[in-house]
Amino acid sequence: MRKNKIALKEIVSYAKKYGFIFPTSEIYDGIHALYDYGPYGIHLKNNIKEYWWKSMIQINKNIIGLDTSILMHPKSWKASGHIEKFKEIFLYNKRKNYSYRLDFWLEQIFKRTSKGDKVVCKKFGKIKTKKNNLKKRIIQYIDDNIVFKKYKKILVLVKQLKQITNSKDQWNYLYEEKLMFKIDFKQQTIYLRPETAQGIFTNFLNVQNIRKFQLPFGIAQIGKVFRNEQMARQFIFRMREFEQMEMQFFINHKEEDKWFKYWKNQRLKWHLTLGLGEKKYRYFEHEKFAHYAKKAYDIQFNFPFGFKELEGIHSRRNFDLKQHEKYSNKQLRVFDKENQRYYIPYIIETSVGIDRIFLAILSASLKMEVLKTKTKRILLKINPYLAPIKAAIFPLLQDKRLIAYAKYLFNSLKTSFLLTYEENDSIGKRYRRQDAIGTPICITVDFKTLKDKCVTIRYRDSMLQERVLIKNLKQAIKQETSIKKLVTKFLML
Ligand code: ATP
């Protein structure tokens, strides 16, 4: 583990060793791209969700939450366009029996410095323009909802791109894979949802009926989604089952730019409060949109394998509600008082994968420190609120009186915080274990405690220690670890 740069494989082995993430059904050798969250991982994940939920629902009086079903009526997916258009296109190399996602290949080609790129300016300019034109034409074919006969045309363009970039990749043909998992249910095919958004749109009327919201207003949801990813890799970055936090914000179409900009800023601000470092984030504007989107920005994070999408902000306009109106024969509209008419609002969507935030947190917060004593410590330097365990309580030694007192403290504080109690090994080893899982505070009961009713608090990052009166302990832990601090930081930024 180098000081600031942690390789993905080091994160994977840390996550397993310290109880954050395990490969699923590991005793049967696991299944590719599916993972289980361990005893500490589950708390970190829940804390991320709670922070997002509060930042959406609690502080915005015009955003409410839902929890909709994973399995939906199949017509929902016909209406949303997913049955037909939710797919990826792959390049295939026959000799190596190897596939690569077309959009990933394009991304790679455009990052690569070809021989051509090194040629003097004039020529480089020409090549760059040619490259961009070819890319534009490929994207156009994809956007036209390509049918098989267009694949041949794309392949010709891909081969031209290959030539001018001196790429050695050999591609024989293109094919597509649908991304939704199907299951049989009472003799019909239904689907595991690939996004939570559709449950929000199909409940638009129900929400309207109970709240009569005026525009703008939002509906948020956290939930599991499933995608039959063909190039599932990079640990929990790309999985086949993962969790999303999505918010659909319904607006007047005239205010599309205003709200798009607002949510783009708000979401980056939210990520910045996690304290992983401003330089780790950047915006990326899409040239190619998902079938439902008309405007799209990603917030990218610098993962151990480079900058990749963390969150998407999309303008879905009125695509989804219009489609659901058509397929359901129900009016999904709001009343415009000014013009005295009902109309379909536009939608700005913010959509983020919890697992990707989790990976971002691990990759930016996991440190290997060499201490003054030349010993090493693994440190998970995360925001104290996100820490799986808020405080650890130890008796200094295995002494009956100290154990009884430490257990009494544990019991008196356990209803307020998620704590752990430990009495095995030396105090140093216990500190190391807690540092490695990110516990912000360790509390030690010693012989002096029995007399002065004070305990020693030791802080994770600074390793500084202070004596605190037991009657002030609850307040001290609260001050260090409360979610209020994080939400307030978000509001102030
Ligand atoms: P990508 O381009 O990486 O495939 P996407 O553009 O398909 O992602 P969206 O459909 O916009 O992703 O989904 C919203 C969010 O869900 C993403 O920003 C990401 O955080 C998360 N996400 C998407 N696919 C996966 C996956 N396979 N595993 C984990 N998280 C994912």
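All ligand and atom numbering here is 1-based and tracks the order in the structure. Heavy-atom basis, side chains included; hydrogens, waters and symmetry copies ignored.
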Taking the side chain as every heavy atom from C-beta outward, state whether R267 and H271 have any atom pair closer than 4.5 Å.
->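 When only atoms from C-beta onward are counted, H271 and R267 do touch, with a gap below 4.5 Å.
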Within a strict 4.5 Å, meaning less than it, do heavy atoms of the F213 and F250 side chains meet?
->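 When only atoms from C-beta onward are counted, F250 and F213 do not touch, as no gap falls below 4.5 Å.
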Quick one: sort the F301 and F303 rings into parallel, tilted or perpendicular, breaks at 30° and 60°.
->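 The rings of F301 and F303 stand perpendicular, inter-plane angle above 60°.
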Return the orientation label for the Y343 and H253 ring planes: parallel under 30°, perpendicular over 60°, tilted otherwise.
->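 The arrangement is perpendicular - the two ring planes meet at more than 60°.
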May I ask you to identify, for [X], whether its side chain, its backbone, both or neither come under 4.0 Å of ligand 1 on a heavy-atom basis?
X: E309; result: side chain
X: R101; result: side chain
X: H314; result: side chain
X: E195; result: neither
X: D298; result: neither

For atom 16 (O) of ligand 1, what's the nearest protein heavy atom and its distance?
->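 So the nearest neighbour among protein heavy atoms is Q244 NE2, 3.3 Å.
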Can you tell me the protein heavy atom closest to atom 19 (C) of ligand 1 and the distance?
->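 Going by distance alone, atom 19 (C) of ligand 1 is nearest to R356 NH1, 3.5 Å.
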For [X], atoms of ligand 1 separated by under 4.0 Å from a heavy atom:
X: M239; result: 26 (C), 27 (N), 28 (N), 29 (C)
X: S351; result: 13 (O), 14 (C), 15 (C), 18 (O)
X: G312; result: 18 (O)
X: E311; result: 18 (O)
X: R238; result: 1 (P), 3 (O), 4 (O), 26 (C), 27 (N), 28 (N)
X: F237; result: 26 (C), 28 (N), 29 (C), 30 (N)
X: E229; result: 24 (N), 26 (C), 27 (N)

Check whether NZ of the Lys or CZ of the Arg K390 lies under 6.0 Å from the centre of the six-membered ring of F417 and within 45 degrees of that ring's axis.
->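 So K390 doesn't make the cation-pi contact.
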Cation-pi, F260 ring and K295 (6.0 angstrom, 45 degrees) =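 Yes, a cation-pi geometry holds between K295 and F260.
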Do any nitrogen or oxygen atoms of [X] lie less than 3.5 angstrom from nitrogen or oxygen atoms of ligand 1?
X: F242; value: no
X: I236; value: no
X: R227; value: yes
X: V352; value: no

Just by distance, with hydrogens left out, do S76 and Y191 show a side-chain donor and acceptor under 3.5 Å apart?
->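 No donor-acceptor contact under 3.5 Å links the two side chains.
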Do E349 and Q248 have side-chain N/O donor and acceptor atoms under 3.5 Å apart?
->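 Indeed, the side chains of E349 and Q248 share at least one donor-acceptor pair under 3.5 Å.
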Can you name the one residue among R101, K85, K87 that meets salt bridge (Lys or Arg N to Asp or Glu O under 4.0 Å) with E176?
->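 By the salt bridge (Lys or Arg N to Asp or Glu O under 4.0 Å) criterion, E176 pairs with just one of R101, K85, K87: K87.
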Does the distance from a Lys or Arg side-chain N to an Asp or Glu carboxylate O, for E26 and K16, drop under 4.0 Å?
->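 Yes, this pair counts.
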Salt-bridge test for E195 and R316: reply yes if a basic N is under 4.0 Å from a carboxylate O, no otherwise.
->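 Yes.
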Evaluating non-hydrogen atoms only, which member of L310, I313, I354 is closest to atom 20 (O) of ligand 1?
->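 Closest candidate by heavy-atom distance is L310.
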Tell me, with the steps shown, if Y37 and F358 meet ring pair (Phe, Tyr, Trp, His ring centres under 6.0 Å).
-> CA-CA 11 Å; Y37 281 80; F358 196 108; 5.0 Å; yes
